[in-house]
Amino acid sequence: MTATPALITPETTEAQDRLREVRLAKLEKLKALGVNAYPYKFTTTAKAQQLHDTYKDLAVDTQTTDDVVVAGRIRAYRNDGMFIDLQDVTGKVQIFSHKETLAPGMADILACLDIGDLIGVAGTVRRTKRGELTVNATTITVLAKTLLPLPDKFHGLSDTEARYRQRYLDLIMNEESRNTFRARSAILRAVRETLQGRGFIEVETPMMQVIPGGAAAKPFITHHNALDIDLYMRIAPELYLKRLIVGGLSERVFEVGRNFRNEGLSPKHNPEFTMMECYQAYTDMEGMMELTEAIFEAACTAVNGGVEAQFGEHRLNFKGPWARVRMVDIVKERTGIDFLAISDVKEARAAAKKAGAEITGKELWGQCVEKVFGDLIEPTIVQPTHITHHPRDISPFAKADPKDSRLTERYESFCVGREIANAFSELTDPQDQMARFVDQMKQRESGDDEAQMIDADYVTALEYGLPPTGGLGIGIDRAIMLLTGTETIRDVILFPTLKPVK
RNA sequence: GACUGCGUAGCUCAGCCGGUAGAGCAUCGGACUUUUAAUCCGCAGGUCGUGGGUUCGAUCCCCACCGCAGUCACCA
């Protein structure tokens with residue numbers, strides 16, 4: 001036997017090589033029988049679930065004359081292939097092969113099959129004495145001969161590392177994993193449909209940017225050879241999307257796409273993650289609140305059939321309107337600290353520290369408020385809640401609160417101690433915006449490498465006029481975790497970031 | 001980045017106080033045949049994550065490194 005280059009796989013062990021040899025021998029037998037084990041096309045007439053639906057009333061021990069053609073992966077192979085469990089995207093159906101009903105030559109093919117192989121089966125439908133819906137095979141077509149065995153048919157694949165590195169095996173073996181990622185798709189569709197139903201148009205903005213703005217985060221750096229310049233992977237699409245509102249491309253735009261933040265990995269953080277951001281002209285944060293609720297209601301309904309979702313012990317209800325409370329008010333209510341009555345920064349830091357927040361001594365007034373909220377209150381929020389009117393210090397793109405210039409028209413929505421949305425009445429005043437950038441630059445110079453860089457062109461865009469606009473961002477991965485009851489972000493991202501194996 | 005835990009056959013897992021490894025499933029050979037994790041008999045399958053060290057002897061003890069997980073830090 002001659003080894004082809006494709007089969008030189010240094011990662012496999014000798015034991016794996018032996019297992020492969022066995023299957024290669026069967027592949028050779030198939031070739032000898034004139035069978036192409038990797039054909040080009042196959043047409044089916046039914047899926048497994050369709051058969052179960054159609055024949056749900058078929059009596060036990062009953063043979064029909066209905067011809068069907070199915071295709072899928074062999075998940076179980078009993079009695080030397082007499083019984084096969086065939087799995088397709090909808091589920092499993094049993095295949096029965098008997099000398100008397102099998103077409104000539106099929107028995108030889110059957111003998112060359114293994115668990116894991118992809119096959120097509122033509123036959124008639126019956127229900128066995130034991131009540132199992134079954135296709136009595138007449139012909140069997142090899143659609144792809146496998147060269148490596150699947151994991152344990154009963155215990156499956158549970159090794160977390162293997163599940164992430166070889167996601168295809170995880171998907172073959174674990175129905176829960178398949179369901180989660182199908183739910184992910186359904187949620188994304190619901191988000192898009194909700195927005196499109198309201199007249200938002202989907203756009204795409206640069207992922208490689210010269211000035212990475214729109215969020216407080218460390219960026220990844222990459223390099224463009226021809227231009228010989230470094231570029232940053234975007235941390236947010238925000239500033240580009242608002243340029244589109246300035247341009248009047250649409251009064252309503254949204255983007256669903258990847259953001260990249262150079263930070264640690266955790267059950268809640270993956271360096272690349274999916275974000276939905278949308279901007280709507282002529283509305284403010286109130287309008288965004290209603291939209292936030294509508295999106296979550298739709299997304300939850302898409303995967304759970306209603307506005308409730310189970311997350312751990314918590315029964316979450318996404319039906320709007322959600323509770324809303326000002327950040328300073330809930331801080332005052334829970335800790336007794338009335339930050340609005342504190343004007344001195346040192347005093348604010350002392351109060352925050354006394355309350356139990358982690359204070360380094362460099363915080364601005366607004367950062368003290370946020371620390372207390374983030375450290376002490378955020379983790380306790382269970383049901384969807386809008387926390388509103390963030391301090392101006394931590395909100396460089398939000399309009400000031402007309403009632404108190406220390407605050408802004410901004411809110412973040414929280415659920416089970418997690419942020420699920422961030423929105424505000426967008427700052428549209430170019431002079432105020434430039435002042436905010438200058439403030440950020442000062443924070444940057446004093447060591448905060450996550451403070452915003454000045455994006456002069458963005459300010460120029462504002463000088464051409466951004467209408468009153470509401471903006472909203474939703475972290476899609478975390479939303480999916482909540483709506484599907486998933487504890488770790490790696491279980492909702494198909495190929496999470498992992499260190500390479502050396 | 002820090003701490004803790006884990007890494008044993010293709011998969012899922014045992015392995016005592018240090019004496020160079022076991023099971024089930026899968027594979028292979030055989031038996032059986034309307035099964036449901038099919039059953040029965042038998043064979044084979046291992047650089048115990050990697051590299052050092054201690055020891056007469058290391059899967060086990062020590063050190064370093066690699067990877068994964070959890071917690072924290074960083075971070076929305």
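Within every chain, numbering begins at 1; the chains are lettered A, B, ... in the order of the sequence lines, protein sequences first and strands thereafter. Note that the structure is predicted; figures quoted are calculated from it, not measured.
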| query | Expressed in whole Å, how much space separates the C1' atoms belonging to B:G42 and B:C16? | reply | 31 Å
| task | Report, as yes or no, whether the 6.0 Å neighbourhood of atom CE on A:M441 holds more than 12 heavy atoms from other residues, nucleotides or ligands. | result | yes
Using a 4.0 Å heavy-atom cut-off across all strands, classify [X] as base, sugar-phosphate, or nothing.
| X | answer |
| --- | --- |
| A:R418 | nothing |
| A:G475 | nothing |
| A:R478 | sugar-phosphate |
| A:R163 | nothing |
| A:F96 | base |
| A:A217 | sugar-phosphate |
| A:T128 | base |
| A:E412 | base |
| A:K218 | sugar-phosphate |

| task | Mind checking the CD1-OG1 spacing from A:I140 to A:T138? Nearest 0.5 Å is all I need. | result | 9.0 Å
Interatomic distance, [X] [atom1] vs [N] [atom2] [rounded to whole Å]:
| X | N | atom1 | atom2 | value |
| --- | --- | --- | --- | --- |
| A:R75 | B:C11 | CZ | P | 15 Å |
| A:H98 | B:U33 | NE2 | C1' | 9 Å |
| A:D159 | B:A9 | CG | P | 11 Å |
| A:N79 | B:A37 | CG | P | 13 Å |
| A:I115 | B:U36 | CD1 | P | 15 Å |
| A:E132 | B:U34 | CD | C1' | 12 Å |

Nearest to the side chain of [X], heavy atoms from C-beta on, is which of [options]?
| X | options | answer |
| --- | --- | --- |
| A:R18 | B:A38, B:G46, B:C68 | B:G46 |
| A:F83 | B:C74, B:A38, B:U34 | B:U34 |
| A:L498 | B:C28, B:A69, B:U12 | B:A69 |
| A:K26 | B:U12, B:G46, B:U27 | B:U27 |
| A:L19 | B:C74, B:U12, B:G10 | B:G10 |
| A:D152 | B:G24, B:C74, B:A37 | B:G24 |
| A:P151 | B:U27, B:C11, B:U33 | B:C11 |
| A:F154 | B:A37, B:U12, B:U27 | B:A37 |
| A:E161 | B:U12, B:A69, B:G67 | B:G67 |
| A:A76 | B:A37, B:A38, B:C68 | B:A38 |

| Base B:C32 paired with A:D80 side chain (donor-acceptor, <3.5 Å) | yes
| said: Strictly below 4.0 Å, N to O, side chains only: are A:E272 and A:R258 in salt-bridge contact? | reply: yes
| query | Taking NZ, NE, NH1 and NH2 as the nitrogens, is one of them in A:K242 or A:E426 under 4.0 Å from a carboxylate oxygen of the other? | reply | yes
Please list, pair by pair, any protein nitrogen or oxygen found under 3.5 Å from a nitrogen or oxygen in nucleotides 70-72 of chain B.
unit_1	atom_1	unit_2	atom_2	d
B:G70	OP2	A:R490	NH1	3.2

| query | Is it the case that A:H389 and A:R406 place a side-chain donor and acceptor less than 3.5 Å from each other? | reply | no
| Does the side chain of A:D170 pick up a donor-acceptor pair with the side chain of A:Q166 at under 3.5 Å? | no
Let me check something: any side-chain donor-acceptor pairs from residues 75-84 of chain A under 3.5 Å, sequence neighbours excluded? List them with distances.
unit_1	atom_1	unit_2	atom_2	d
A:R75	NH1	A:Q87	OE1	2.7
A:R75	NH1	A:I172	O	3.1
A:Y77	OH	A:L110	O	2.9
A:R78	NH1	A:D85	OD2	3.2
A:R78	NH2	A:D85	OD1	3.1
A:R78	NH2	A:Q94	OE1	2.8

| said: For A:R444, is there any backbone N or O sitting under 3.5 Å from a side-chain donor or acceptor partner on A:Q452? | reply: no
| query | Under the 3.5 angstrom rule, does the side chain of A:Y38 hit a backbone N or O of A:K145 as a donor-acceptor pair? | reply | yes
In the strands shown, is [N] matched to any nucleotide by a Watson-Crick or G-U wobble pair with both distances under 3.5 Å, and which?
| N | answer |
| --- | --- |
| B:C43 | none |
| B:C32 | none |
| B:A23 | B:U12 |
| B:G7 | B:C66 |
| B:C61 | B:G53 |

| remark: Comparing nearest nucleotides in RNA chain B, the 5'-proximal residue of the pair A:V22, A:H155 is A:H155
| request: Using heavy atoms to find the nearest nucleotide of RNA chain B for A:G156 and A:P149 separately, return the residue whose nucleotide is more 5′. | output: A:G156
| request: Taking side chain to side chain contact (heavy atoms under 4.5 Å, CB included) as the test, write out the residues that go with A:A352, two or more places apart. | output: A:F339, A:A357, A:I359, A:C368, A:V372
